[in-house]
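Order of the sequence lines sets the chain letters (A, B, ...), proteins ahead of strands, with each chain counted from 1.
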There are 2 protein chains.
Amino acid sequence: MLNNAVGDLRTRRTRLALRDALLALIEEKGFDAIIVQDIADRAMINRVTFYKHYRDKYDLLEQTMQEMLNELSAPVATLLQEPTNHAVVDKLVPWLEHVAAHESFYRMMLGKEGNAAFAAQLRDYLEGMVEQTIKRMPRQSTTATLPLPVLRRFATAGFLGVVMWWLEQNRPLPVQQVAMQLHQLIQQLMPSRTQK
Amino acid sequence: MLNNAVGDLRTRRTRLALRDALLALIEEKGFDAIIVQDIADRAMINRVTFYKHYRDKYDLLEQTMQEMLNELSAPVATLLQEPTNHAVVDKLVPWLEHVAAHESFYRMMLGKEGNAAFAAQLRDYLEGMVEQTIKRMPRQSTTATLPLPVLRRFATAGFLGVVMWWLEQNRPLPVQQVAMQLHQLIQQLMPSRTQK
DNA sequence: TTGCATAAACTACACCATGTTGATATACTG
DNA sequence: CAGTATATCAACATGGTGTAGTTTATGCAA
């Protein structure tokens with residue numbers, strides 16, 4: 001059926017339990033190894049009830065991923081307000097802190113056993129951020145030596161790569177330091193910007 | 001069982017057929033959607049025979065991936081001989097040409113429907129390359145402003161990101177141009193190198 | 001508070017992919 | 001050419017998926 005009243009307390013409780021169960025299981029053994037029965041067991045929900053809310057485990061994953069990305073957007077929303085050169089570093093910090101708070105989840109989803117769709121979605125999300133930030137930047141020599149899409153992709157993919165490295169190594173550096181280094185890396189890719 | 005004489009003509013024929021079938025199917029519908037029967041059908045091999053050679057479809061994938069990476073290594077082997085600054089660009093070209101030759105495969109395996117393990121393996125492989133290249137570089141100010149692992153990860157992840165972009169867009173640029181741009185991006189990340 | 005409506009639980013089922021077994025036919029190797 | 005290894009075939013147990021019908025319980029609105 002898949003059509004339950006979203007307002008109903010029972011519905012909200014069930015979906016929350018399923019979502020939490022999925023997150024916990026992903027952290028424990030990765031998404032691929034999970035079967036619907038696992039999710040139902042963990043959530044203490046009947047397996048049939050699962051199917052009354054989600055088509056399959058991929059459906060649940062998709063919705064959960066979307067929620068994670070929305071959460072991720074919150075700390076960055078303010079970032080777009082004042083894209084002054086130095087403020088960006090400080091605004092990276094809450095972003096990285098969110099990632100750190102859900103460390104195991106991100107490590108799993110972005111790692112070897114991870115989910116390519118999620119990585120791609122996160123990259124797209126970052127690219128969107130970059131695009132908007134660039135738009136609001138003070139007009140300057142737009143005659144970049146490299147095509148913008150290439151530059152953008154290199155930067156976002158590299159950015160994500162470093163975040164992954166950071167998680168894989170169990171965060172050997174404090175958030176502030178990673179933020180600084182990421183900022184510096186991005187800066188080095190923007191030769192049009194005059195060295196202040 | 002899984003132990004067949006690798007010298008036997010039948011064995012070689014069977015494994016080749018299975019490997020080719022897998023590659024074709026990956027290009028058609030991605031790895032996840034493939035079932036063993038698909039591979040057997042396409043290879044015109046009995047399904048049971050499949051299991052006499054490979055544990056499961058993941059086993060076959062792993063071996064096939066390894067072969068692809070070995071092929072990929074060939075054009076780069078010479079790269080390590082003379083890591084002079086300008087020669088690197090030229091040596092990137094055969095590498096990109098290999099990727100272009102197996103375009104659909106790489107696009108699938110690295111894309112949204114792709115396989116995170118393969119992406120990670122390819123990244124590791126690239127990191128190894130970078131590491132060796134750096135070792136043979138003429139000693140110079142090793143006092144990089146950034147930790148080497150971070151720099152290396154950013155560069156390789158960004159590199160792969162651009163290659164992915166190139167494939168996703170159906171190769172809007174000729175190989176030479178991509179090679180140049182990638183070279184330039186990497187250069188910009190190496191501030192220790194004096195601008196010649 | 002009570003009754004109604006709706007969600008959850010439970011039982012049962014058909015379906016499909018997996019991986020294995022034992023018997024038989026086929027074909028490579030030496 | 002003979003012997004042995006490999007491929008084929010039919011059959012089966014197992015386990016995960018998704019659905020249907022029925023009963024139980026619980027939240028909601030009057």
Side-chain angles (χ1 to χ4, degrees), chain A residues 1-65 108 113-115 117, chain B residues 1-65 108 113-115 117:
Chain A
M1 289 303 154
L2 218 91
N3 278 348
N4 297 35
V6 288
D8 197 306
L9 181 56
R10 288 168 293 184
T11 294
R12 284 190 296 143
R13 199 188 326 118
T14 297
R15 294 197 181 163
L16 186 64
L18 290 172
R19 180 186 145 285
D20 287 349
L22 177 70
L23 287 176
L25 287 166
I26 284 176
E27 295 179 6
E28 280 177 26
K29 54 181 191 173
F31 180 71
D32 284 353
I34 297 173
I35 67 179
V36 175
Q37 187 71 64
D38 290 337
I39 307 173
D41 285 349
R42 178 64 60 100
M44 291 189 292
I45 295 290
N46 193 282
R47 189 171 64 88
V48 177
T49 304
F50 173 95
Y51 289 107
K52 289 210 172 127
H53 292 274
Y54 303 100
R55 222 171 331 101
D56 46 38
K57 69 171 185 166
Y58 300 95
D59 188 23
L60 171 57
L61 176 68
E62 215 168 297
Q63 299 195 30
T64 306
M65 288 189 327
M108 264 297 178
E113 316 257 286
N115 182 279
Chain B
M1 293 298 155
L2 218 89
N3 279 347
N4 297 35
V6 287
D8 197 305
L9 182 57
R10 288 168 294 185
T11 294
R12 285 190 294 144
R13 195 183 337 112
T14 296
R15 293 198 181 163
L16 186 63
L18 289 172
R19 181 186 144 284
D20 286 349
L22 178 69
L23 287 176
L25 286 166
I26 284 176
E27 295 180 5
E28 279 176 26
K29 53 181 193 175
F31 180 71
D32 284 353
I34 297 173
I35 68 179
V36 175
Q37 187 70 63
D38 290 337
I39 307 174
D41 285 348
R42 177 65 60 103
M44 292 190 291
I45 295 291
N46 192 284
R47 189 170 65 89
V48 175
T49 305
F50 174 95
Y51 288 107
K52 288 208 172 128
H53 292 272
Y54 303 100
R55 232 191 350 267
D56 47 38
K57 68 171 186 167
Y58 300 96
D59 189 23
L60 171 57
L61 176 68
E62 215 168 298
Q63 300 196 30
T64 306
M65 288 188 329
M108 262 299 177
E113 316 257 285
N115 181 279

In whole angstroms, the gap separating C1' of D:dA5 from CZ of B:R10 amounts to 5 Å
Heavy atoms only, 4.0 Å cut-off, all strands: where does B:V36 land among base, sugar-phosphate and nothing?
sugar-phosphate
First of B:R15 and A:G7 reached from the 5' end of DNA chain D, by closest nucleotide:
B:R15
Can you check the B:R55 CZ to C:dA17 P distance for me, whole Å?
22 Å
Report yes if a donor N or O on one partner sits less than 3.5 Å from an acceptor N or O on the other, where the partners are the side chain of A:K52 and the base of D:dT19; otherwise report no.
no
Taking for each residue the nucleotide of DNA chain D with the nearest heavy atom, is it B:V48 or B:V6 whose nucleotide lies nearer the 5' end?
B:V6
Quick one, A:K52 and A:T14 - any side-chain contact, counting heavy atoms below 4.5 Å?
no
Just N and O in the side chain of A:T49: are any of them under 4.0 Å from OP1 or OP2 of C:dA7?
no
Considering residues, nucleotides and ligands other than A:Q63, do more than 12 of their heavy atoms fall under 6.0 Å from its CD?
yes
Just the rounded figure in Å: distance from C1' of D:dT19 to CZ of A:F50.
14 Å
Is the phosphate of C:dT20 approached by B:Y51 (side-chain N or O, under 4.0 Å from OP1 or OP2)?
no
Heavy atoms only: give me the nearest A:N4-A:T11 pair and the separation to one decimal.
CB-OG1, 3.8 Å
So what does B:R12 touch, heavy atoms closer than 4.0 Å: a base, only the sugar-phosphate, or nothing?
nothing
Looking only at side-chain atoms of B:T11, point me to the closest of C:dA9, D:dT17, D:dT6.
D:dT6
B:I35 CD1 - C:dA17 C1' separation (whole Å):
6 Å
Donor-acceptor pair under 3.5 Å, B:R47 side chain vs C:dG19 base
yes
Taking 4.0 Å as the cut-off, does a side-chain nitrogen or oxygen of A:H53 come that near to OP1 or OP2 on C:dA8?
yes
Are OP1 or OP2 of C:dA7 and a side-chain N or O of A:T14 less than 4.0 angstrom apart?
no
Any idea which heavy atoms bring A:K57 and A:D32 closest together, and the distance?
NZ-O, 3.2 Å
Does a side-chain N or O of B:R13 approach OP1 or OP2 of C:dA27 to a distance below 4.0 Å, or not?
no
Ignoring backbone atoms, test whether B:N46 places a side-chain nitrogen or oxygen under 4.0 Å from the OP1 or OP2 oxygen of D:dC9.
yes
What is the distance, to the nearest angstrom, from the CG atom on B:D59 to the P atom on C:dG19?
10 Å
Distance in angstrom units between B:D56 CG and D:dG15 P, rounded
17 Å
Would you indicate which nucleotide in D:dC28, C:dC28, C:dT18 comes nearest to any side-chain atom of A:L9?
D:dC28
To check you understand the geometry: which heavy-atom pair defines the closest contact between B:N46 and B:V48, and what is its length?
OD1-N, 2.9 Å
Could you tell me how far apart A:D41 (CG) and C:dA8 (P) are, to the nearest whole angstrom?
17 Å
